[in-house]
Amino acid sequence: MADSYRIDSQKLVYHPRRVSQFLDAGEDWEKAKKIYPIYVEVSPVGACNHRCTFCAVDYIGYKARMLDPEILAQRLSEMGKLGVKSIMYAGEGEPLLHKKINQIVKATKDAGIDVAFTTNATVVNEAFINESLARTSWMKVSMNAGTKETYAKVHQTKEADFPRVVGNLKRAVEFKRAHGLKCTIGAQSLLLPENAHEMETLAALCRDEIGLDYLVIKPYSQHKFSETHQYENIDYSAYISMADALAKYNTDSFQVVFRENTMRKHMASEEARYTKCNATPFFWAYVMADGAVYGCSAYLLDSRFDYGNLNEHSFQEIWEGEKRRANFEFVRKELNIHECRKNCRMDEVNRYLFDIREERVEHLNFI
């Protein structure tokens, strides 16, 4: 199955200087504190207009709070200078509900940081398309069904949202093509018992009617704090064969990225996994809608992973501060990886880093 975007693998291998810095730091905090994240996920707003049945962060409560764009702009400028290379706006709420989102996007690009979005696209409007699409590297839309009826059930919203999303995406694609923009526009769906029979319908819709660049189909991953557990024990072995049926939708301009690698890991024994997390607290971070900076999105609201708040301190003060130092020690010496979310966002990165740090690859010097 095609995956030119490397969605089902990892891209840390293309940042050798940062990896070298990490390896050189070892257990030395004075060196480790200077290793800034390559990627940060930011939640501009806590509120969401959907209540998806699979929502990992339902326990946070969809609180109506949002980041101050003026303070954020200052922090973004600082983050860019410190080495942050990309920000994905997503989080515990729907990012496009932030009334100043276009101002935030501009500030991010002005800071030299690449911009991306994960969104349900219900509120993609002309202002966003006109002002922010050209500044956005990619936009991935959560679209978890191929029909309005199933979409409404999974997203727990009204059926009218489905054609609204389709229309919004059509306008975005038309604008992109008319202006020769490089922004990649795609969709993603969790593969669930309720929607599995509609994945081909969704693929055809994304390719032929909307004109998207790709569709990602991926397995569900249980968040350790989620209130919902209805999908916790899905057996993905029954779905692996879908890869062949979906491959026929691939063209030179459209890909179905069926995350077979991740599904197989979902079914694999825990013994095959790494035993330490090396991605945290180094290569990524998460900023909540209240400004709190966390080292891992699987541990939001867990004080052990809370480094400080952007509304109160600079990013450098937070990243080199005592709370991150304590987390650095905790993750290296105490964190039980078996308590972590399986197939987390940094899973492939962790497999790569663990192999390097623990020298698990046989004959690695024979390149």
Side-chain angles (χ1 to χ4, degrees), residues 5 7 41-52 55 57 62 64 66-67 69 72 86-109 113-148 150-152 154-190 202-216 253-254 289:
Y5 304 105
I7 292 170
E41 183 173 338
V42 174
S43 180
V45 61
C48 189
N49 55 351
H50 285 182
R51 291 294 182 271
C52 298
C55 184
V57 290
Y62 313 105
M66 61 183 63
L67 293 173
L72 181 59
S86 67
I87 288 180
M88 180 180 75
Y89 289 108
E92 67 260 31
E94 166 49 48
L96 296 184
L97 289 175
H98 197 295
K99 298 184 184 303
K100 301 290 186 180
I101 194 62
N102 296 319
Q103 179 180 326
I104 290 172
V105 171
K106 184 179 184 303
T108 310
K109 286 300 292 181
I113 301 173
D114 293 341
V115 176
F117 280 90
T118 294
T119 170
N120 63 36
T122 53
V123 291
V124 169
N125 55 28
E126 295 303 316
F128 177 80
I129 292 173
N130 290 326
E131 296 178 36
S132 293
L133 207 60
R135 296 185 172 109
T136 300
S137 296
W138 55 262
M139 179 172 68
K140 187 186 299 176
V141 176
S142 182
M143 201 173 181
N144 297 277
T147 66
K148 64 181 181 180
T150 304
Y151 179 91
V154 174
H155 284 250
Q156 295 198 93
T157 187
K158 51 189 178 296
E159 291 184 1
D161 274 0
F162 187 73
R164 177 177 294 112
V165 169
V166 171
N168 290 345
L169 289 177
K170 282 183 179 180
R171 286 191 293 276
V173 169
E174 289 169 1
F175 186 89
K176 168 192 168 178
R177 291 175 176 172
H179 293 82
L181 305 185
K182 293 183 178 180
C183 176
T184 301
I185 305 176
Q188 71 175 7
S189 176
L190 283 172
L202 179 59
L205 173 69
C206 291
R207 184 189 69 178
D208 301 332
E209 184 174 344
I210 304 175
L212 297 182
D213 296 301
Y214 67 80
L215 167 65
V216 176
S253 59
F254 178 79

Do the ring planes of H50 and H155 sit parallel (below 30°), tilted (30 to 60°) or perpendicular (above 60°)? perpendicular
List the atom of [X], the atom of [Y], and the distance in Å for their closest heavy-atom pair.
X    : Y    : answer
K176 : D213 : NZ-OD2, 2.7 Å
A47  : A64  : CB-CA, 4.1 Å
S43  : G93  : OG-N, 3.8 Å
M143 : L202 : O-CD2, 3.3 Å

Between E131 and K106, is the closest basic N to carboxylate O distance under 4.0 Å? no
Is there side-chain contact between [X] and [Y], with heavy atoms separated by less than 4.5 Å?
X    : Y    : answer
Y5   : K140 : no
Y89  : T119 : no
F175 : N130 : yes
P95  : M88  : no
Q188 : I7   : no
K100 : M66  : no
F128 : V123 : no
R135 : T108 : no

Pick from L97, I101, L96: which one makes a side-chain contact (heavy atoms from CB on, under 4.5 Å) with V45?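 Only one of L97, I101, L96 forms a side-chain contact (heavy atoms from CB on, under 4.5 Å) with V45, namely L97.
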May I have the step-by-step check of side-chain contact (heavy atoms from CB on, under 4.5 Å) for T157 and F162, ending in yes or no? CA-CA 9 Å; T157 187; F162 187 73; over 6 Å; no
